[in-house]
Amino acid sequence: MGSNGVAAAFAALVLAAMSAGPLRAQTPPPAQSPAPAKPDETKLDLKLFDKAEVDRSKGCSVALWQSNRDPDNDRYAFIFTEALTGQNHVRQPARIKVGEKVLPMTRVAIGGKVGGYGLYPYQLYRLGEGDGFAVLDLKLGEIEGEAVEIESGTLTVSMAGKQQARVTVKGGAGCMTAPAAAPSPAAPPAAAAAPAGLDGIFSRYAVRPAQIPRTLPATLKSRFGCDPEMLKSGVTGFQMSEESAIWELPCQRFNIQANAVYALVYLPEPAQNLRFLSFKAPPGKKRTSAPAELMSPEWNVKTRTVTGTALGRNEGDCGVYERHRVGPDGEFVLVEYREKVACDGKASKPEQFPLVYRAR
C-alpha cells in the first residue's frame with residue numbers, strides 16, 4: 001500500500017475510534033434547554049511542559065516540542081513525552097498537558113513504515129481516562145547513531161465537548177546513559193581527567209575570554225600548529241554538566257576552509273584540568289586530517305552530533321565528510337564517514353559522497 005493509501009486507511013481508523021464510545025456527547029433531557037456555552041469552555045487548553053518537567057537525561061525517550069520553540073533555550077517548548085524502557089524500548093504511557101492536568105496516553109494504532117525506536121509516521125493514542133484521542137502525523141528522519149530526528153509533524157488532540165487542538169511539532173527519540181557517580185567532595189579532580197557526573201545537559205554557549213587559560217594559545221600553537229589569533233574570533237562551549245564542557249577552539253584558516261580542535265574542560269579549574277579530544281577514522285582507514293582536527297565543523301545540538309567536511313580542492317568535487325556524536329563520557333564517537341577520492345570535476349554535496357562507514 002502506498003503512503004497515500006496508508007494515510008487514508010489510518011484516517012479512517014482514527015475517525016472510527018473518535019466516533020465511538022465515550023466521545024459521543026449525551027443528549028440533554030428535552031425539558032431542559034442547555035445554557036449557552038461560554039467561548040472558553042469549549043477550548044481545549046493544550047499546554048507546554050516546563051523544561052523541569054521533562055527529564056531526558058536518563059534512559060530512552062521520545063519527545064516532541066512546538067515547532068517554533070527551541071527546547072535547548074526556551075523554558076516552555078515540550079508538548080509530548082514518552083519514556084521507553086528496557087532493551088526492547090517498551091513504551092510507557094505518553095504524556096500531554098491539558099490545563100493544569102498531565103494526561104497519560106496509550107498508543108492504540110499505527111500506520112506507515114516503522115522507523116527507529118518503534119516510531120511510525122502515523123500514530124493514534126487513547127487518553128488514559130478514555131475521553132479523547134491524540135493523533136501524531138510525523139516526518140521521521142534517519143537514525144543517527146543512537147538518535148532519530150522527527151523533522152516535522154502535527155499533534156492533534158480531540159476530547160469530548162471540546163474544540164480540536166492541533167499543533168505543529170518537531171522532536172526526537174534517543175537514549176541517554178545514566179550519570180556516573182560523583183567523586184568524593186574531598187578528592188580533587190585528577191589532572192586532565194574527564195569530569196564525572198554527565199547529567200544529560202548539552203547546550204551551546206559563548207566562552208568568555210576571561211575563562212580561557214593564558215597558556216592555551218601557546219599550547220595550541222606548539223601541539224597543533226594553531227594560529228593564536230584565531231582564538232580572538234571566539235571560543236564556543238557545549239556544556240555537559242555544571243562542571244564540564246567541550247570547548248571548540250578555532251585553530252587555522254585556509255584558502256576555502258577553517259578547522260578547530262576540541263578540549264574536554266573541568267570548568268572550575270580549566271587551566272589545571274583540560275584534555276584535548278580526538279576523532280577516529282573507520283576501521284582500516286586513515287583520516288585525511290590530523291586526529292585532533294575537524295575541518296569546517298557544524299553542530300546539531302539536539303542530537304549531540306558534529307560534522308566535518310574536508311574538501312580536496314576548491315571545486316568541491318572530492319574530499320571527506322564525517323559525522324561524530326558526543327558520548328556520555330565526553331568522547332567523540334564516529335557515526336558516519338563518506339569519502340570521494342577522485343577529483344573528477346563532478347561536484348556534489350559532501351553528505352552525498354560515497355559511504356565508507358556508518359555506525360550500527
Side-chain angles (χ1 to χ4, degrees), residues 70-72 116 139-152 170-175 202-206 224 226 230 233-240 245-264 276-283 285-341 343 347-360:
D70 183 347
D72 296 316
K139 180 181 179 182
L140 306 177
E142 296 293 330
I143 189 166
E144 297 184 358
E146 295 181 4
V148 174
E149 181 181 4
I150 298 172
E151 298 176 357
S152 61
K170 295 181 180 179
C175 298
F202 198 76
S203 58
R204 187 198 309 260
Y205 71 99
F224 310 112
C226 297
M230 289 287 290
S233 64
V235 173
T236 302
F238 297 88
Q239 190 152 359
M240 302 178 65
I246 291 176
W247 284 2
E248 184 179 81
L249 306 163
C251 183
Q252 293 176 296
R253 185 173 299 280
F254 305 96
N255 185 26
I256 58 172
Q257 295 185 283
N259 68 358
V261 298
Y262 296 81
L264 184 62
F276 293 105
L277 301 171
S278 61
F279 298 90
K280 294 180 175 58
K285 294 284 294 184
K286 183 177 180 180
R287 294 187 79 238
T288 57
S289 304
E293 301 172 5
L294 194 64
M295 298 292 296
S296 302
E298 292 186 8
W299 281 88
N300 183 331
V301 174
K302 295 180 181 122
T303 59
R304 297 188 175 209
T305 55
V306 59
T307 61
T309 303
L311 296 177
R313 59 180 188 171
N314 292 5
E315 286 78 357
D317 57 348
C318 57
V320 168
Y321 173 86
E322 55 189 307
R323 186 166 72 250
H324 303 263
R325 175 177 49 81
V326 177
D329 58 354
E331 298 286 347
F332 287 110
V333 179
L334 181 62
V335 173
E336 183 180 1
Y337 192 95
R338 295 175 178 269
E339 184 174 15
K340 185 180 178 186
V341 178
C343 302
S348 61
K349 294 180 179 179
E351 57 267 34
Q352 295 175 346
F353 286 171
L355 181 64
V356 175
Y357 172 86
R358 176 174 285 161
R360 294 186 179 274

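- The CZ atom of Arg325 sits 10.0 Å away from atom CG of Leu334, with the distance rounded to the nearest 0.5 Å.
- Dense packing is recorded around CZ of Arg204, with more than 12 heavy atoms of other residues, nucleotides or ligands lying under 6.0 Å away.
- Residues Gly316 and Phe353 share a closest heavy-atom pair of O-CZ, 4.2 Å.
- Taking 4.5 Å as the limit, some side-chain heavy atom of Leu311 sits within range of a side-chain heavy atom of Gln257.
- Heavy atoms only, all atoms of each residue included: Gly234 and Pro250 are closest at O-CG, 3.3 Å.
- In terms of heavy-atom proximity, Leu249 sits nearest to Ala263 at CD1-CB, 4.2 Å.
- The shortest side-chain heavy-atom distance between Tyr337 and Val320 falls under the 4.5 Å cut-off.
- No side-chain heavy atom of Val356 sits under 4.5 Å from any side-chain heavy atom of Arg338.
- Formation of a donor-acceptor pair under 3.5 Å by the Arg287 side chain with backbone atoms of Glu293 is found in this model.
- Shown here for Cys251 and Met230, the closest heavy-atom pair between the two residues is O-CG, 3.2 Å.
- Counting heavy atoms from C-beta outward, Lys139 and Ile150 have side chains that stay 4.5 Å or more apart.
- The shortest side-chain heavy-atom distance between Leu294 and Glu322 falls under the 4.5 Å cut-off.
- The ring of Phe276 has its center closer than 6.0 angstrom to the ring center of Phe224.
- With hydrogens and angles disregarded, a donor-acceptor distance shorter than 3.5 Å links the side chain of Asn259 to the backbone of Gln252.
- Although no hydrogens or angles enter the test, the distance criterion places no donor-acceptor pair under 3.5 Å between the side chain of Lys340 and the main chain of Pro354.
- In summary, the aromatic rings of Trp247 and Tyr262 are positioned with their centroids too far apart to meet the 6.0 Å limit.
- Side-chain atoms of Glu248 and Pro297, non-hydrogen and from C-beta on, do get closer than 4.5 Å to each other.
- Within the 4.5 Å cutoff, no side-chain heavy atoms of Thr303 are placed close to those of Arg323.
- Within 6.0 Å of CD on Glu298 lie no more than 12 heavy atoms contributed by other residues, nucleotides or ligands.
- Taken from CZ in Phe238 to OG in Ser203, the straight-line distance is 9.5 Å, to the nearest 0.5 Å.
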Just do the side chain to side chain contact (heavy atoms under 4.5 Å, CB included) check on Cys318 and Arg313 with the steps written out, would you?
CA-CA 7 Å; Cys318 57; Arg313 59 180 188 171; 4.2 Å; yes
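- Applying side chain to side chain contact (heavy atoms under 4.5 Å, CB included) to Trp299 and the options Thr305, Thr307, Val306 leaves one that passes, Val306.
- For the pair Met240 and Leu264, the minimum side-chain heavy-atom distance is below 4.5 Å.
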Candidate pair Tyr321 and Glu351, rule side chain to side chain contact (heavy atoms under 4.5 Å, CB included), full reasoning
CA-CA 6 Å; Tyr321 173 86; Glu351 57 267 34; 3.9 Å; yes
Evaluation steps, side chain to side chain contact (heavy atoms under 4.5 Å, CB included), between Gln239 and Tyr205:
CA-CA 7 Å; Gln239 190 152 359; Tyr205 71 99; 4.0 Å; yes
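- Ring to ring, Phe332 and Phe279 are close: their centroids are under 6.0 angstrom apart.
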